[in-house]
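All values below come from the heavy atoms of this structure, side chains included, with hydrogens, waters and symmetry mates left out. Whatever order the structure lists ligands and atoms in, that order sets their numbers, starting from 1.
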Amino acid sequence: MRQFPPDFLWGVATSAYQIEGATRVDGRGESIWDRFAATPGKIQDKSDGSVACEHYRRWPEDIELMRWMGLKSYRFSIAWPRILPEGRGRVNAAGVDFYSRLVDSLLGAGIEPFVTLYHWDLPQVLEDQGGWPSRATGDAFVEYADVISRALGDRVNRWITHNEPWCISYLGYGNGEHAPGHKDWSKMLAAAHTLLVSHGNAVKVLRANVKNAEVGITLNLTPGEPASPSPEDADATRDFDGGFNRWFLEPLYGRGYPQDVIEDHVKAGRIASPHLDFIQPGDLETIAAPTDFLGVNFYSRAVLRSNRIPEEQNAPRTVFVRPDKTDMDWEVCPASLTRLLVHLESEYKPGPIYITENGCAYSTAPSADGRVHDVQRVEYLRGHLAACGDAIAQGVKLAGYFAWSLLDNFEWAYGYTKRFGLVWVDYATQQRIPKDSAHLYRDVVAQNGLDVEQAA
Ligand code: FCB
C-alpha cells in the first residue's frame, strides 16, 4: 500500500458550463459559451451547454455520488453570468442562492467546497465591450470576486481565481478554437495579461473578505520534452515550454515575462516590437502577489522536435512516443507528471500544490451487466496516482488531487463526444452510473492510499 499524507485532500472537479445546464433559468445572463456554441461550425456535435448534466437541479444526487465516493473536497466553478447577468453592477440573488445552497449541502455532507471563480463562462456583455484583452474586463472580474466572496466567504475558504489562463487566452483569442473565437496574437497576449493582473488583484480582495482564505490560480501545465538530444529539438522544447508554461509561471513567481519568448514572437512576426505596451507600471508586482498554493491541471506531455529543417517545415512539431493515447489523442505518460511536480517544487517553490484536474477521455459504455468497465481510465488513474506518490516521496508538497471529472460532460469544442467522467451520464435519461474508475477512486480515498500490488 502506498500511503498518502494524512490530511491529503481527495476530490473531483467540474465546471459550471460543462455540467449545469439551465442556461436560461433564474435570471442567468448570456455567456460567451452560449454565443459561441450557437455559432455554426464551432462545436463538433453541434451541441451546447443548455442541458448538459442538468446539475442545476440534480445537484443533490451529485453530492450523494461524492459522498458515496468518500470525497473530502469538491472543486466546482461559479457561473459569473448567474451572479452578475450584466457582467457587473446588479447582483442576481437567485444565482447567489444556488451556490449558497450547494455550499451548505456540501458542508452538510462533510465535503469541503473548493471554488473556481473563472472557468471560461465570461458574461457576453463584457466580451461585447472588449473581452479579456480589455483591462475593464479585469476590473469587472475583481468586482465579481468581491461580490461572490462576500456571499460565500463565511463558508468557503479555498479559492481559485482563474482556470487555465493559457486556454482562455490562446484558444479563445489566439487560434479561436474556444469562445469567443478570435484569432489575433496581440489580443491573445493582452488577454493573458489582463487575466494575470486580475488574478493578482482578486487575491487581495479574497484575502480581505475571507477569514483563513487560501487563494491560488490553476495553470494547465504540459511539460515539453525533446524528441532527441539534438540542439534543434532542445530549442523546439524551449519554445513550446516558454509559450505554454513559462509565460504564466514566470510572472506569477516574480520573474516577469520570459524574454526569449518575447523575442521569438517578434522574430515570427506575431508582434511588432518586444515592448509589450499593455503592461502598466505596477502590473508585474500585482501579478506576483503571494499565493497560498498552486493549482496544476495535468493531462499529458508534449514531445517536441524541430521543424526548422526546410523539408520538414510542415511536419507536426509534437510527436508521440508512447503508443497509449486517450480519445483526445493525448499521450499517457504518468512519469512526466512526477517530473513536472519535482521541477515546479525546485524551480518556483510555490508552497502546497494541488492537482486541480487530472483525467482522461475514453468512451467506454455500460456493459450488459450494467456496469462501466473503463479499464483504461482505471489504469490512467492508478498510473497518475502512483506518479503523485513518487513526487511526494521526492519532497514535493502535494496537498491534494482532484480527478477530472465527476461526470461525463460538455467537453467544450468537442461537445459531448469526449467522456472524462468517473461517473457515466446517459444524456437521454440523465441516469448516472459510477464507472469502475469511480469504484477504484472510492477505495483509494477510503484507504488514503493506492494498493500498489493491484496497480502493478
Ligand atoms: C481542461 C479544462 C476542463 C476540461 C479538461 C478536459 O483544459 O479545464 O474544463 O475540459 O481540460
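Taking every heavy atom of Glu164 and a limit of under 4.0 angstrom, the matching atoms of ligand 1 come to 1 (C), 2 (C), 7 (O), 8 (O). Within the listing of ligand 1, atoms 3 (C), 4 (C), 9 (O), 10 (O) sit less than 4.0 angstrom from a heavy atom of Gln18. Taking every heavy atom of Trp412 and a limit of under 4.0 angstrom, the matching atoms of ligand 1 come to 3 (C), 4 (C), 9 (O), 10 (O). Every atom of ligand 1 is numbered from 1 in the order shown, and the set under 4.0 Å from a heavy atom of His119 is 2 (C), 3 (C), 8 (O), 9 (O). Ligand-side atoms of ligand 1 in range of Phe420: 6 (C), range being under 4.0 angstrom from any heavy atom.
Distances shorter than 4.0 angstrom do not occur between any heavy atom of Lys418 and any atom of ligand 1.
Between the Tyr74 side chain and the Gly11 main chain, no donor and acceptor come within less than 3.5 Å of each other.
When the shell of 6.0 Å around CZ of Arg255 is examined, it contains more than 12 heavy atoms from other residues, nucleotides or ligands. Lys204 NZ: more than 12 foreign heavy atoms inside a 6.0 Å radius.
If you check which protein heavy atom lies closest to atom 2 (C) of ligand 1, you get Glu357 OE1, 3.4 Å. Ranking protein heavy atoms by distance to atom 5 (C) of ligand 1, first place goes to Tyr299 OH, 3.2 Å. The nearest protein atom to atom 10 (O) of ligand 1, hydrogens excluded, is given as Glu411 OE1, 2.7 Å; this is a heavy-atom distance.
Between His162 and Ser198, the side chains place a donor N or O and an acceptor N or O closer than 3.5 Å (distance only, hydrogens not considered). Between the side chains of Tyr354 and Arg158, a donor-acceptor pair is found at a separation under 3.5 Å.
By the 3.5 Å distance cut-off applied to N or O atoms, Trp404 is not counted among the residues near ligand 1. Polar contact with ligand 1: absent for Trp120 (N/O pair, distance under 3.5 Å).
The shortest heavy-atom contact between Gly421 and Lys435 is O-NZ, 2.9 Å.
In this structure, His182 and Tyr173 have parallel ring planes: the angle between them is below the 30° cut-off, well short of the 60° mark.
Contacts between Met328 and ligand 1, counted as non-hydrogen atom pairs separated by less than 4.0 Å, are absent for every part of the residue. Residue Asn163 touches ligand 1 through its side chain alone, judged by heavy-atom distances below 4.0 Å.
Under the 6.0 Å distance and 45° angle rule, Arg419 counts as a cation-pi partner of Trp424.
Ile83 places a side-chain heavy atom less than 4.5 Å from the side chain of Val96.
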